[in-house]
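The structure appears below as structure tokens.
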Protein chains: 2
Amino acid sequence: MNPLAIPEIVIRRLPLYLRTLKLLADRGLTVTSSQEIGDRLGITATQVRKDLSYFGEFGKQGTGYEIKYLQEQLRQILQVDRTWKLALIGVGDLGRALLRFTAFEESGFEMAAVLDRDGAKIGRQVGRHTVLDVATLPAVIRERGIQVAVIAVPTRDAQEIADALVKAGIRAILSYAPIQLSLPQHIQVQQIDPILSLQGMTYYLDASQL
Amino acid sequence: MNPLAIPEIVIRRLPLYLRTLKLLADRGLTVTSSQEIGDRLGITATQVRKDLSYFGEFGKQGTGYEIKYLQEQLRQILQVDRTWKLALIGVGDLGRALLRFTAFEESGFEMAAVLDRDGAKIGRQVGRHTVLDVATLPAVIRERGIQVAVIAVPTRDAQEIADALVKAGIRAILSYAPIQLSLPQHIQVQQIDPILSLQGMTYYLDASQL
DNA sequence: TAGATTGTTAATCGATTAACAATC
DNA sequence: TAGATTGTTAATCGATTAACAATC
């Protein structure tokens, strides 16, 4: 099957399956079912099976799925069965918090460069990283083989940094700036904006219960 | 129209419209069109108009939308035309980064309490906040009229904190813990997990270009 | 008036799910 | 064998979009 034919919404659920499988594995389970995965994610068992069926047959009738095997398969599909190198742009509070966030390394995302534009920060040590000058971005990305960038700069600088990243050959950007970045179609962009999340919840809150 | 009948996917787009309108307003524009909004978000103009039509008629034929007016209307619909009080649980690096993140206050989300369970942190001043004991959660939430909680504690404590929040009457939770929280149906939950975002992007990256 | 753009309908498209044969 | 659960088909459901009358 042509991979381009797989709906994006299916791709977005695969990481959720992986996360659920990790939880089950951490609890010592070795086998699970589409029912159990679905229950934990609030979706139907049929949907879990249908999603997986785009990529192959991973289960056994009557038994379910061997957790370790399904994890391996999903990691291969998502291409997270290898290490990806990240560059972090911006070493403010958020940047520092991200540097201490161990989940990146645990999931195969290696922080391979840390950059800032502030002269007072450049050259400083932050954890095991030396802060590099953002002006050297293209060389750093090339020399260190970086594939994914994490933007943690002030909002006003985010678009400029994003443009520079694309120019330097980056094709996937995770941005913490609360603005809509305008970038070429072929660039993968994910934005993390807690305001959007909050605004999506308040709609459903009962104002009378304030 | 029964508000319950409005698709959730529509509700999730309204904050994006608000964010786009803010961008346009910041650039000094006073009027826009469904075309312009859609272009900036990568969706069709028809979808923008259809989404808005669930709630009323906000534009003028031939002219488009008065930006300020549409912002007001969307804020009312999303119930962000008022101030919501947040409690932040967890004052690690991430918590501190969130405390300096001005976008919350700018969008009407007031950080009204900051709590931690670490005795070394309780009583300390962080910015303009005194760190409170998480054991006093129910009283703090009641006394300060807090409606939404932000979880920024270590992963292993997240579920326990979430349970305590629900018990204390919180009905909306924004969690930065990279796990699936298991909570009652009626609780609004949004999770921010950069690993999910990254794993969704690597699928689309061309491995040959590493 | 001519041009532009809205709001809405109906058609289309795509995602979800019910049902079930296959089989462990 | 009986029970459980997969993988898949076809039906259903719901979201998107093309088209266009209305009108500024």
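Chain naming here is simple, since letters A, B, ... match the order of the sequence lines and numbering starts at 1 in each.
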Round to a whole Å and report the spacing from [atom1] of [X] to [atom2] of [N].
X       : N      : atom1 : atom2 : result
A/Gln35 : D/dG7  : CD    : P     : 15 Å
B/Phe58 : C/dG7  : CZ    : P     : 8 Å
A/Ile43 : C/dA15 : CD1   : P     : 15 Å
B/Lys50 : D/dC20 : NZ    : P     : 17 Å
B/Lys60 : C/dT5  : NZ    : P     : 14 Å
A/Ile67 : D/dT6  : CD1   : P     : 12 Å
A/Asp51 : C/dT17 : CG    : P     : 11 Å
A/Ile9  : C/dT16 : CD1   : C1'   : 10 Å

Whether B/Thr136 side chain and B/Ala139 backbone form a donor-acceptor pair below 3.5 Å =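 Here the side-chain-to-backbone pair does not exist.
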Taking B/Ser175 for the side chain and B/Ala177 for the main chain, is one N or O donor matched with an acceptor at less than 3.5 Å?
->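 Here the side-chain-to-backbone pair exists.
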Among D/dA22, D/dT16, D/dT5, find the nucleotide with the atom closest to the side chain of B/Arg13.
->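 Comparing D/dA22, D/dT16, D/dT5 against the side chain of B/Arg13, the answer is D/dT16.
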At under 4.0 Å, does any side-chain N or O of [X] touch on OP1 or OP2 of [N]?
X       : N      : value
A/Arg49 : D/dG7  : no
A/Thr46 : C/dA18 : no
A/Ser34 : D/dT6  : yes
A/Tyr65 : D/dG7  : yes
A/Gln47 : C/dT16 : yes

A/Ser53 or A/Thr63: which one's nearest nucleotide on DNA chain D is closer to the 5' end?
->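 Whichever sits nearer the 5' end wins; that is A/Thr63.
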Identified pairing partner of D/dG7, criterion: Watson-Crick or G-U wobble below 3.5 Å |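 Partner of D/dG7: C/dC20.
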Pairing partner of C/dA15 (Watson-Crick or G-U wobble, both distances under 3.5 Å) |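 Paired with D/dT12.
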Pairwise side-chain contact, B/Val153 with B/Glu160, heavy-atom cut-off 4.5 Å (strictly under) =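 No - every pair of side-chain heavy atoms lies 4.5 Å or more apart.
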When rounded to the nearest 0.5 angstrom, what distance separates CD in B/Gln71 from CG in B/Leu21?
->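 So the gap between those two atoms works out to 5.5 Å.
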How do B/Gly56 and B/Gly62 order along DNA chain C: which one's closest nucleotide is nearer the 5' end?
->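 By nearest-heavy-atom nucleotide position, the 5'-most residue is B/Gly62.
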Would you mind listing every side-chain hydrogen bond (donor to acceptor under 3.5 Å, both in side chains) that reaches into residues 10-37 of chain A, with sequence neighbours excluded?
->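 Applying side-chain hydrogen bond (donor to acceptor under 3.5 Å, both in side chains) to every pair that reaches into residues 10-37 of chain A, excluding sequence neighbours, yields A/Glu8-A/Arg12, A/Arg13-A/Asp51, A/Tyr17-A/Asp51, A/Arg19-B/Gln180, A/Arg19-B/Gln191, A/Arg19-B/Asp193, A/Lys22-A/Asp26, A/Thr32-A/Glu36, A/Ser34-A/Arg49, A/Gln35-A/Asp39.
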